[in-house]
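Below, chains carry the letters A, B, ... as their sequence lines are ordered, and counting in each starts from 1.
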Amino acid sequence: MMKKFTKEHELLSAYIDGELSPAEREELEQRIQSSLGLRKQFEDLQKLKKLTSASYKKIPESPYFETRLFAEIDSQSPGYIKFSKWSPAIGLALLTVAIMVFLNFNPDIIKNLVEEQKSNIAGFYKENLQPLLFTSDINNEDIFNFAMYKQLPLDKQNNQYLQLGYDQQGNEYVEIKNMDINKNEDNFEKFVMALELNQIQRKQIDSIIERYAEELGNQVLVNDNKTVAINSNLWNYQKAIQSDLFAFAENSNRNEFRKFVPSSVSLVRNPQMVEAVKNIRTSKNKNYIFLTPDSIFSEPLEFDLEKFKSELKKLEKNLERQNSKLQKVQVRLNYDSTWKDLNGKHSWHSNYNIYVDSNICRVNIPHLNLPDFQIPDFDSLVGAFDSVASNFKFYSKYIPKIEYFDNKLNFHFNNDSSNSHIGIQSFSIDMDSIMQAQSELMDSLSRLNWNYHYPFNDSLVMKGFPNFKNFFKYFGEENDMKEQMEELKKELQNFREEMKDWREELKQKNDSKQKKLYD
Amino acid sequence: MSSKKEKEALAQPQIWKLDDDFSLVKRFIDGDESTFRLLVQRHQEKVRNIIYLTLGLSEAVDDIGQEVFITVYRNLKHFRFESQFTTWLYRITVNKCKDYLRKKNVRKIFVPLKEADNKPGNYSSTEEKDISNIVTNAIKKLPYKLRVPLLLKDIEGFSYQEISETMNCEIGTVKSRIFRARTGLKKILEPLASELI
C-alpha cells in the first residue's frame, strides 16, 4: 500500500516535470480529479518546484573567462601541461638532441654552410681582379729584382713591396711590407755591365725580361677591394726567371760570368733545367692565395689574361673616343688598419700563419702545393744564385747614362730620368793644348838629368782622367764621341811612340856627349 | 517498395547546419581550431551555471569551468558523435564537480570540528528571512545524487533523458532521484511550510 502510494507520488513528480507518456498522464489526471489527497500532493509539488526554480539566480557572467581560457590553452600544449615549468629546459634539450641527430646523419651541413659563406666572401674579393703589371708601372728593373731578390713592387710611390721567401724549414712565405729600397740601384744595368754584353746581347736579355714580364701578368692580381691574389706558382716563376737569366749570361759571356759564378754552377748544359723552366711557363696553375683585409685564403681562380687584354684594348679605344684615359687600380694596404684583425690568426684552412705589425704582413704557408720545379741539386744552385745576386755588382763596370744638355754633362744613375743625377760643366778636349802641354813637359824633362829621375811613364796621362776607361765604354754607345775618342787614342798611341823614339834619341845624344867629354 | 524508400531515407547523411555543435566539432577535427572558440562562447554560461548549482559555490566556478573546457579541447578530436555535444560537455562538467567535491571532502577530514560544523545549512536567522536563501540552503542539504538531478531539472530545464546521460544513469533512476529530492526538500522546509508552501 505504501509502495503504491510512493509510486503515485513519483508519477506526480514526473507529471509536473512533463515527463509522462500521454497514456500515463491521462490516467494520472483522472486519479488527481478523483483523489483529494493526491490533488493536495500535486499542488504541494508544484509549489515546491516553483520555489526551487525561483531560488537560484543565474551566476553573473565572467568577462575574462574566455580570455583566460584561451591564454591557458595557448600556453599549454596538450599532454605537456604538467611539464610546463620544465618546458624551456626540455625544449632546449630536445632541440640539442634533434640537432645532434640531424648532424649525425648530415655531417656535411655545417661544413657546407661555412663553405657557402666562404665562397660568398671569396666571390666578393675575386671581383675585378687585374694583373699587377697593368696596375702599377713595373719595368724591366722590377722583373730583374724579382728574379734576383724575390720582390715585386705593389705601390712604388709608397715603397710597398711583395716579398717572397723561404723560412728556415724551407717553407714558403709571402710578405707585404714597406721597404725603403734605393731606387738608384739600377741592378739590371749593373748585371748587364758586369757581363759586358754587346748591343745584340743586350737586346736579347731585354727580350727575355719583357717576355717574363708579360707572363707574370696573371701570376699576381690585384683589385680595388685591397685584394692581392698570388698564384702559388709564383715561387717557381722566380726560380725560372733567375735560372733563365743566368743561363743566358753564361752562354753570352762565359768569362765574365765565371768571375761571379762558381765554376760548379753551369746552366747552359743542363737540359733538366731547360725542361723545368718550360714546364713552369706552360703550367696552368689556378690555385691562388688571396690576401684580403678580412682573411687569407686559398681558392682556385680562372683568370684569362688574353681575354683581359683584349677587353682592355676595347675599353681604351672607347675611352680615347671620349678623350678619357683608363685609371689604374692603386693597391694601398695599411698594416695597422687593413690587417690588424688578422694578427696571430690562422686562415680558413689553418695552413697559413699570419703575422702583422706596423710595417709588415707576413703569411707563412707551410703546405703550399707548388708545381714541381725538378732540377737535381737545385737547392745548392739556389745558394749559388743568392750569392751571385749579392756580388755581381762588384764586377760591374757600371756607367751611368750621360747626356749633354745646356752646356752640362748629366750623369743619370737610373734609366728613369726622374731619378737622381749629377751634372757637371761641359769640357772640351783641345788636342792642340794637350800636345802643347806634352811638348812643354818634354822640354822641361830634357833639361833635367835623367839619371836622377824615374824613366818617363806614359800612364801618367791616363791617370789624369779618373775612370777614363769607363768613359770609353759609355762613349762607345755614342758614335760621334766614339770616333773622337778613337782618334784620341790613336793620337796618344802615336804620341807615346814618338816619345819613345824621342827618349831613345835623347839617350843616344847624351851618350855621345858623354863619350865626347870622356874622349 | 516502401520499405526500400525508408531505408534510402535512413541512409542519407544527416545535414548539419553550418553553426550547429556537430559542424563546429567536425571543423575542429579537420584542423580549424577557431571553431572551439565558438563552442566556448555558446556553452560557457550553461557550464558555469551547472557548476554553480552542483557545488553551491561561486568562487570555484571559473576554475572548474576552465578545467572543463581544457579537457574538452584536448579530447575533442576523439569525439565520436554518438551523443549530443552538450551531453558530453555536461557530463564532463558534472564529473569535474564530483572530483572537486571529493577532494574537498578529503580536505574536510583535516579541518577542526567546530569549523567543519559551521557548514552551509546551519544558517543564521538573518539568512532565513530570505526565502531564496532558505530554499537554497535546504537544497544544499540534499545529497549530491539527489540535488544535482533536481537542479538540472528545475533550474536548467534538462529532460530526464538529458539528466540520465549527463549523470550516466537510467531515466528511471533520474525520475526516482528527483522525486526523493523533492520529498527530502519538503521535509527540510516543513517547519516553514506555512510561509513557504
Side-chain angles (χ1 to χ4, degrees), chain A residues 2-21 24-25 28 38-84, chain B residues 33 36-37 40-41 44-53 56 58 61-63 65-70 73-75 77 130-139 150-151 153-161 163 171-172 174-183 185-186 189 193 196-197:
Chain A
M2 185 64 190
K3 199 174 179 180
K4 189 186 175 186
F5 177 75
T6 306
K7 186 72 181 172
E8 274 190 339
H9 283 202
E10 195 177 295
L11 282 172
L12 273 177
S13 173
Y15 175 69
I16 60 169
D17 287 335
E19 293 284 344
L20 292 182
S21 65
E24 286 174 321
R25 192 170 57 226
L28 186 63
L38 202 57
R39 195 185 303 155
K40 175 75 172 65
Q41 188 65 31
F42 169 69
E43 287 169 356
D44 286 351
L45 281 173
Q46 268 191 324
K47 285 181 184 175
L48 194 64
K49 186 175 172 72
K50 280 182 183 173
L51 278 173
T52 308
S53 300
S55 63
Y56 279 86
K57 290 177 183 172
K58 286 194 173 179
I59 190 165
E61 281 185 18
S62 173
Y64 300 109
F65 182 84
E66 195 180 323
T67 308
R68 188 183 147 198
L69 172 68
F70 284 96
E72 190 79 5
I73 287 171
D74 289 342
S75 66
Q76 297 175 355
S77 294
Y80 297 103
I81 290 168
K82 288 182 181 174
F83 300 105
S84 60
Chain B
E33 294 200 354
F36 183 70
R37 188 178 287 274
V40 172
Q41 288 168 353
Q44 64 169 299
E45 188 185 347
K46 197 89 166 175
V47 167
R48 288 175 73 248
N49 269 314
I50 291 170
I51 297 166
Y52 174 59
L53 294 175
S58 58
V61 168
D62 281 355
D63 288 343
Q66 299 279 322
E67 283 184 35
V68 169
F69 281 108
I70 286 170
Y73 177 80
R74 284 188 215 151
N75 296 283
K77 289 196 173 173
D130 188 339
I131 294 171
S132 292
N133 278 343
I134 293 167
V135 176
T136 305
N137 286 329
I139 294 171
L150 175 73
L151 292 174
K153 181 66 201 175
D154 288 350
I155 309 295
E156 292 299 329
F158 280 32
S159 68
Y160 284 6
Q161 176 69 32
I163 295 169
I171 290 179
V174 173
K175 188 162 68 173
S176 167
R177 286 179 180 177
I178 289 174
F179 168 68
R180 285 161 58 198
R182 284 173 177 153
T183 308
L185 190 60
K186 193 178 174 185
L189 295 173
L196 295 173
I197 304 175

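Contact of A:L45 with chain B is made through the side chain alone, with heavy-atom distances under 4.5 Å. Contacts between A:A14 and chain B at a heavy-atom distance below 4.5 Å involve backbone atoms as well as side-chain atoms. For A:F65, the parts sitting under 4.5 Å from any heavy atom of chain B are the backbone and the side chain alike. Proximity to chain A involves both the backbone and the side chain of B:D63, based on heavy atoms less than 4.5 angstrom apart. Interface residue B:Q66: backbone and side-chain heavy atoms are both found under 4.5 Å from chain A.
Take B:K77 and apply the side chain to side chain donor-acceptor pair (under 3.5 Å) test, not counting sequence neighbours, and it matches no residue. Residues meeting the side chain to side chain donor-acceptor pair (under 3.5 Å) test with A:S62, sequence neighbours left out: B:D62.
Top candidate by heavy-atom pairs under 4.5 Å with chain A, chosen from B:K153, B:R180, B:K175, B:Q161, is B:K153. Of the listed residues A:R68, A:K49, A:K50, A:K57, the one with more heavy-atom pairs under 4.5 angstrom with chain B than any other is A:R68. Contact tally against chain A (heavy-atom pairs below 4.5 Å) for B:V174, B:D154, B:L151, B:L53: the top residue is B:D154. Interface summary for chain B: among A:L12, A:D17, A:T52, the most heavy-atom pairs under 4.5 angstrom belong to A:D17. Contacts with chain A were tallied for B:E156, B:E45, B:R37; B:R37 has the most, counting heavy-atom pairs under 4.5 Å.
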- Apply side chain to side chain contact (heavy atoms under 4.5 Å, CB included) to B:L185 and B:L150, showing your working. CA-CA 10 Å; B:L185 190 60; B:L150 175 73; 4.3 Å; yes
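The two residues B:S132 and A:A54 make their nearest non-hydrogen contact at OG-O, 3.9 Å.
Ring pair A:F42/A:Y15 is tilted by interplanar angle, where 30° to 60° counts as tilted.
Using a distance-only test at 3.5 Å, with no hydrogens or angles considered, a donor-acceptor pair links the side chain of B:T183 to the main chain of B:F179. Judged purely by atom type and a 3.5 angstrom limit, B:R182 has no side-chain atom pairing as donor or acceptor with the backbone of A:L48.
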